[in-house]
Amino acid sequence: MVSLKLASTETEREDAFTVRKAVFVEEQGVPIHIELDELDQEAVHFIAYDGERPIAAGRIRDIGDGVGKVERVCVLPEYRGRRLGQQMMVMLEEHARKAGLGKIRLNAQNHAVPFYEKIGYTVTSPEFMDAGIPHRVMEKPI
């Protein structure tokens with residue numbers, strides 16, 4: 001049974017970091033010191049579980065001016081295609097709305113741009129490199 005929730009305990013936050021390490025560090029080759037950063041302390045983290053197994057994660061930060069920055073959204077490879085990313089984004093957006101934010105901004109890896117476009121995000125920047133991976137800034141009013 002899959003469940004998504006706010007990572008409210010240290011164990012749940014560590015579980016989110018475990019998923020992020022598997023996807024970004026091991027699968028995509030992002031250096032660990034870039035993936036786990038000082039912003040993890042101020043971000044609100046979300047985690048998805050299949051039973052007890054952590055399988056997806058994401059975080060959001062209030063960056064001022066009514067904007068929430070969604071970051072580090074990821075799903076383990078064997079769980080992709082099950083709408084977990086979309087469910088994670090719904091939770092992140094609901095959290096932002098409840099926090100009084102009016103817009104979500106994120107840096108999408110180029111391959112993920114179509115996913116975000118399907119759920120209402122618009123590209124707002126030219127391509128740029130982050131950790132050696134091409135990205136585009138995307139935004140959505142909420």
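The basis for the numbers below is simple: all heavy atoms, side chains too, and nothing from hydrogens, waters or symmetry mates.
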**Request:** Flag the pair Arg72 and Asp37 as a salt bridge only when some basic side-chain nitrogen lies within less than 4.0 angstrom of an acidic carboxylate oxygen.
**Result:** yes
**Request:** Taking only Lys NZ, Arg NE, NH1 and NH2, and the carboxylate oxygens of Asp or Glu, determine whether Lys5 and Glu12 approach each other closer than 4.0 Å.
**Result:** yes
**Asked** Can you check whether Pro134 reaches Gln109 side chain to side chain, under 4.5 Å on heavy atoms?
**Response** no
**Check: His45 side chain, Asp40 main-chain N or O, donor-acceptor pair, under 3.5 Å** = yes
**Request:** Salt-bridge test for Arg53 and Glu78: reply yes if a basic N is under 4.0 Å from a carboxylate O, no otherwise.
**Result:** yes
**Contact check, side chains of Gln87 and Arg82, non-hydrogen atoms, under 4.5 Å** = no
**N/O donor-acceptor pair under 3.5 Å between Arg59 side chain and Phe46 backbone** = no
**Message:** Hydrophobic clustering (ILVMFWY, side-chain heavy atoms < 4.5 Å, transitive) - are Val73 and Val90 grouped together?
**Reply:** no
**Item:** Salt-bridge criterion met for Arg61 and Glu71 (N-O under 4.0 Å)
**Value:** yes
**Message:** Do Val123 and Val137 make a side-chain contact, defined as non-hydrogen atoms from C-beta onward lying under 4.5 Å apart?
**Reply:** no
**Prompt:** Between the main-chain N or O of Ser125 and the side-chain N or O of Arg136, is there a donor-acceptor pair closer than 3.5 Å?
**Reply:** yes
**Request:** Indicate if Ile34 and Phe128 have the same hydrophobic cluster label, given that clusters are the connected sets of ILVMFWY residues with side-chain heavy-atom separations under 4.5 angstrom.
**Result:** no
**Request:** Carefully, step by step, assess Glu14 and Thr18 under the rule side-chain hydrogen bond (donor to acceptor under 3.5 Å, both in side chains).
**Result:** CA-CA 6 Å; Glu14 288 299 323; Thr18 297; 5.6 Å; no
**Asked** Under a 4.5 Å side-chain heavy-atom rule over Ile, Leu, Val, Met, Phe, Trp and Tyr, are Ile60 and Leu36 clustered together?
**Response** no
**Prompt:** Atom CZ of Arg13 and atom OG1 of Thr11: how far apart are they, to the nearest 0.5 Å?
**Reply:** 11.5 Å
**Fill in**
In short, Gly85 meets Phe115 closest at the heavy-atom pair C-CZ, 3.5 Å
**Complete:** Rounded to the nearest 0.5 Å, the CD1 atom of Ile55 sits from the CG atom of Asp15 at a distance of 11.5 Å
**Asked** Are Tyr121 and Val113 connected in the hydrophobic side-chain network, where two residues link if heavy atoms are under 4.5 Å apart?
**Response** yes
**Message:** Within this structure, what is the CD1-CD1 distance for the pair Ile104 and Ile142, rounded to the nearest 0.5 Å?
**Reply:** 4.0 Å
**Asked** What is the distance from atom CG of Leu106 to atom NZ of Lys69, rounded to the nearest 0.5 Å?
**Response** 8.5 Å
**Asked** Short question: side chain of Lys140, backbone of Ile119 - any donor-acceptor pair under 3.5 Å?
**Response** yes
**Request:** Please round to the nearest 0.5 Å and tell me the distance separating atom OG1 of Thr124 and atom CD of Glu139.
**Result:** 4.0 Å
**Prompt:** Taking Leu101 as the fixed residue, which of Asp65, Asp62, Val67, Ile63 is the one that meets the side chain to side chain contact (heavy atoms under 4.5 Å, CB included) rule?
**Reply:** Asp62
**Request:** Assess the side chains of Asn110 and Glu127: does a donor N or O sit below 3.5 Å from an acceptor N or O?
**Result:** yes
**Item:** Criterion side chain to side chain contact (heavy atoms under 4.5 Å, CB included) on Glu35 and Phe17, from CA distance to verdict
**Value:** CA-CA 9 Å; Glu35 174 50 36; Phe17 300 155; over 6 Å; no
**Request:** Taking all heavy atoms of Met88 and all of Gly58, pick out the closest pair and write down the distance.
**Result:** SD-N, 4.1 Å
**Asked** What's the spacing between Met1 CE and Asp50 CG if we round to 0.5 Å?
**Response** 10.0 Å
**Message:** Could you walk me through whether Lys118 and Gln86 satisfy the side chain to side chain contact (heavy atoms under 4.5 Å, CB included) test, starting with their C-alpha distance in whole Å, then the side-chain angles of each, then the deciding distance to 0.1 Å, before giving a yes or no?
**Reply:** CA-CA 10 Å; Lys118 283 183 198 167; Gln86 186 174 355; over 6 Å; no
**Asked** If every non-hydrogen atom of Leu76 is compared with every non-hydrogen atom of Pro54, which pair is closest and at what distance?
**Response** CD1-O, 3.5 Å
**Request:** Check the pair Leu4 / Leu84 against side chain to side chain contact (heavy atoms under 4.5 Å, CB included), numbers first and verdict last.
**Result:** CA-CA 9 Å; Leu4 285 83; Leu84 287 170; 4.2 Å; yes
**Item:** Same apolar cluster (I L V M F W Y, side chains within < 4.5 Å links), Val25/Ile47
**Value:** no
**Message:** Between Arg80 (side chain only) and Val75 (backbone N and O only), is there a donor and an acceptor less than 3.5 Å apart?
**Reply:** yes
